[in-house]
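Inspection log for the structure reproduced underneath, given as structure tokens.
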Amino acid sequence: MTTRVRFAPSPTGYLHIGSARTALFNYLYARNTGGKFLLRIEDTDLARSTEESTRSILEGLEWLGFAPDEEIVFQSNNADKHRATALKLLEEGKAYRDFTPKVAPSDANVKDAIKERARANQGEKNMRDNPYRELSKDESDAKAAAGEPFAIRLKVAETGKTAFEDQVYGLQERDYAETEDLVLLRSDGHPLYNLAVVCDDIEMEITHVIRGQDHLTNTHKQILIYEALGISPPTFAHLPLIMAPNKGKLSKRKHGEVVSMTTYRDAGFLAAAFRNFLAFLGWSASEEQEIYSLEELVQKFSLEGIHRSNAVFNFSPDDPRKWTDDKAQWMNAEYIRTMPLAGLMPFIKAELKAAKLWRDEYEDDDKAWFEKTIDLIRQRFFTLKDFSSQGRSYFSEDFDFDPAAVAKNLTKFPDLKNWLPELADRFESEFAKLDYTEENIESVVKAFTEEKGTKLGVIMNGARTLLTGTAVGPSMLSIFEVIGLDRTLMRLRSQVAWNL
RNA sequence: GUCCGGUUCGUCUAGGGGUUAGGACACCGCCCUUUCACGGCGGCAACACGGGUUCAAAUCCCGUACCGGAUACCA
């Protein structure tokens with residue numbers, strides 16, 4: 001039997017980090033076992049589901065590279081089947097009509113209200129005390145025929161327990177007394193989550209349900225539905241949750257964009273790096289390796305390696321440098337500076353194009369120069385964005401000067417205002433006969449420095465700021481070479497930075 | 001409240017009866033250097049607590065504390 005797993009987000013917001021990790025684990029498991037990875041949009045809550053959310057989730061998944069192996073299933077399209085299933089259960093006496101009038105859901109804090117109600121019960125609530133539970137079929141039919149609205153609830157047995165062997169958390173048992181007669185169909189005929197999930201998982205022939213552990217109690221309810229239907233449930237694996245730095249819930253409302261996948265795409269993260277980072281939130285291969293390609297992840301992945309404890313997604317909103325998890329940032333930088341250049345190029349091309357810095361010569365006549373330049377500057381870059389921001393001076397004359405760099409490397413040494421244009425003249429004459437190579441540049445600059453009776457650093461850093469606008473970067477000799485003689489002369493002679 | 005889970009450096013984690021409790025990120029220091037955010041070397045830093053079992057417990061058992069999840073005619 002080939003494994004079939006599904007990622008089943010509800011479109012009530014963008015793809016957040018927890019969902020992305022769930023998608024990743026499902027994807028890895030499918031690939032590892034040679035199975036299918038499916039996608040189902042759980043849009044049965046019409047009030048909260050939006051097309052925009054669906055789009056955003058799809059975008060996030062696309063960025064991460066998790067394309068479903070079969071057509072996307074929209075749960076709302078199956079409502080009729082779900083309803084029919086509920087009716088069948090009712091017919092068989094495994095479910096019953098509940099004529100209790102629907103209580104209007106309390107406004108804002110539904111969650112708090114529920115907790116409050118549960119607490120008030122002191123855990124003493126009898127889950128089987130519904131007055132309509134034992135209503136005779138005739139009476140029930142009569143009331144329904146008279147047009148009285150009703151919900152359909154599953155008739156959970158008085159005694160017994162549900163049990164399943166979770167692939168992560170081990171044997172899970174729950175006494176029936178802890179499980180209410182859950183509603184299958186709302187009084188307006190709308191099928192509810194647990195029913196819909198079971199029906200769809202059966203229809204999609206899902207063999208393994210891999211989802212967050214916040215669904216642990218739902219699983220018991222769903223097993224009850226499987227049993228009522230006489231179908232054996234799939235294998236379950238529940239995942240630990242990803243928490244905020246204070247170990248509280250990581251939410252869109254509280255934490256904002258930092259939890260959205262598109263944020264990382266837009267911030268210049270490489271999907272490969274982010275996947276790698278995500279993989280180690282709640283799972284490990286039990287090795288000391290940190291960097292894994294997708295192929296390696298697929299090969300190493302196993303349900304046994306999944307943890308039982310929650311993981312913290314670490315970030316500090318008040319520190320711009322740590323706006324997101326340190327390790328994610330490090331991972332991205334690591335990918336940028338170490339991945340094969342050929343694999344990185346398409347992303348850089350896209351980034352430069354978006355910033356209007358791209359020229360077709362970069363993959364044609366200037367290919368060698370371009371690759372050398374990229375390889376040089378990527379060593380200190382963290383995101384794709386850096387190529388168009390910090391790296392701008394390599395591709396355009398229109399770049400900004402960092403005021404701090406100007407102060408530190410230029411205005412602090414007024415002599416440079418004359419020396420640097422002079423250096424340009426020297427370059428022009430010397431390199432008329434010499435090759436413009438690092439070695440030759442070094443000796444020319446050194447000779448010039450000695451003549452002026454100053455330190456090499458003063459000249460080099462002054463030139464650095466004039467050539468790149470910054471105070472940091474690769475070796476200055478490499479910069480001279482990569483910027484090229486013509487542009488070097490022009491920039492050394494430019495007075496723009498001096499007049500800021 | 002009740003049910004269910006969890007607890008190894010600040011964070012991600014390895015280990016799972018005998019280890020100097022390992023790695024990574026972050027942080028700090030030194031080195032390299034014309035600068036630096038690269039690189040090299042080094043440092044700081046953890047088994048929640050209390051009992052029990054055992055020659056030996058971070059590891060097994062029990063309890064406590066704390067954290068999390070669930071408890072809907074939401075998903």
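Lettering of chains follows the sequences in order, A, B, ..., and the numbering in each one begins at 1.
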Considering only heavy atoms and no angle criterion, is a donor-acceptor pair shorter than 3.5 Å present between the side chain of [X] and the base of [N]?
X	N	value
A/Arg337	B/C38	no
A/Glu287	B/A14	no
A/Asp43	B/A75	no

Qualifying ring pair (Phe, Tyr, Trp, His ring centres under 6.0 Å) pairs with a residue from residues 440-474 of chain A, counting only residues at least two apart or across chains: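 For residues 440-474 of chain A, and leaving out neighbouring residues, there are no ring pair (Phe, Tyr, Trp, His ring centres under 6.0 Å) pairs at all.
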
Test: ring pair (Phe, Tyr, Trp, His ring centres under 6.0 Å). Region: residues 315-334 of chain A. Which pairs qualify, not counting sequence neighbours?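 Residue pairs passing ring pair (Phe, Tyr, Trp, His ring centres under 6.0 Å), neighbours aside: A/His255-A/Phe315, A/Tyr264-A/Trp323, A/Phe313-A/Phe315.
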
Touch check for [X], heavy atoms < 4.0 angstrom, all strands: base, sugar-phosphate only, or nothing?
X	value
A/His215	base
A/Arg321	sugar-phosphate
A/Met331	nothing
A/Gly212	nothing
A/Asp214	sugar-phosphate
A/Thr100	base
A/Lys322	sugar-phosphate
A/Pro245	nothing
A/Ser284	sugar-phosphate
A/Thr470	nothing
A/Asn409	nothing

Kindly give the atom pairs (protein nitrogen or oxygen, nucleotide nitrogen or oxygen) under 3.5 Å for nucleotides 57-67 of chain B.
none

Electrostatic pair [X]:[Y] at N-O distance under 4.0 angstrom:
X	Y	value
A/Arg48	A/Asp45	yes
A/Glu442	A/Lys446	yes
A/Glu42	A/Arg40	yes
A/Lys161	A/Asp175	no
A/Arg186	A/Asp188	yes

[X]: which residues meet the ring pair (Phe, Tyr, Trp, His ring centres under 6.0 Å) condition with it, sequence neighbours left out?
X	result
A/Phe236	A/Phe164
A/Phe301	A/Phe25, A/Trp283
A/Phe150	A/Phe99
A/Phe387	A/Phe381

For B/C9 versus B/C25, give the span between their C1' atoms, rounded off to a whole number of Å.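 12 Å, rounded to whole Å.
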
Taking atom P in both B/C73 and B/G16, what distance in whole Å separates the two?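 Each nucleotide's P atom is 45 Å from the other's.
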
Dump every N/O contact between nucleotides 5-8 of chain B and the protein below 3.5 Å, one line per pair.
none

Under 3.5 Å, which protein N or O atoms sit close to an N or O of nucleotides 23-25 of chain B? Give each pair with its distance.
| residue | atom | partner | partner atom | Å |
| --- | --- | --- | --- | --- |
| B/G23 | O4' | A/Glu288 | OE2 | 3.2 |
| B/A24 | O4' | A/Glu290 | OE2 | 2.9 |
| B/A24 | N3 | A/Lys327 | NZ | 2.6 |
| B/C25 | O2' | A/Lys327 | N | 3.4 |

Kindly give the heavy-atom pair with the smallest separation between A/Leu171 and A/Ala163, and that separation in Å.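 Scanning both residues completely, I find the closest heavy atoms to be CD1-CB, 4.5 Å.
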
Checking side chain to side chain donor-acceptor pair (under 3.5 Å) for the pair A/Gln390/A/Asp386: CA distance, chi angles, key distance, verdict? CA-CA 5 Å; A/Gln390 297 181 55; A/Asp386 291 336; 3.1 Å; yes

Using a strict heavy-atom distance below 4.0 Å, which residues from residues 148-156 of chain A are in contact with RNA chain B?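 Of all residues in residues 148-156 of chain A, the ones placing a heavy atom under 4.0 Å from RNA chain B are A/Ala151, A/Arg153.
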
Any idea which of [options] is nearest the [X] side chain?
X	options	value
A/Leu192	B/C73, B/A70, B/C12	B/C73
A/Glu178	B/C3, B/C12, B/G68	B/C3
A/Arg174	B/C3, B/U13, B/U34	B/C3
A/Lys249	B/U35, B/G69, B/C27	B/G69

Are OP1 or OP2 of [N] and a side-chain N or O of [X] less than 4.0 angstrom apart?
X	N	result
A/Ser187	B/C73	no
A/His307	B/A14	yes
A/Ser286	B/G15	yes
A/Arg186	B/C74	yes

Closest-nucleotide 5' rank along RNA chain B - winner of A/Asp188 and A/Glu334: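 Final value for this comparison: A/Glu334.
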
Return whichever of A/Gly457 or A/Leu281 has its heavy-atom-nearest nucleotide of RNA chain B closer to the 5' end.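 The residue whose closest nucleotide sits nearer the 5' end is A/Leu281.
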
What pairs with A/Lys81 under salt bridge (Lys or Arg N to Asp or Glu O under 4.0 Å), at least two apart in sequence or on another chain?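 Result, salt bridge (Lys or Arg N to Asp or Glu O under 4.0 Å) vs A/Lys81: A/Glu203.
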
To the nearest Å, how far apart are A/Leu241 CG and B/C12 P?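 Distance, rounded to whole Å: 13 Å.
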
According to the salt bridge (charged side-chain N to carboxylate O under 4.0 Å, His left out) rule, which pairs have a member within residues 299-319 of chain A, sequence neighbours left out?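 Matches after skipping sequence neighbours: A/Glu287-A/Lys300.
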
Give the C-alpha distance, both sets of side-chain angles, the deciding distance and a yes or no for ring-ring contact (aromatic ring centres under 6.0 Å, His included) between A/Phe480 and A/Tyr436. CA-CA 9 Å; A/Phe480 275 127; A/Tyr436 193 60; 7.0 Å; no

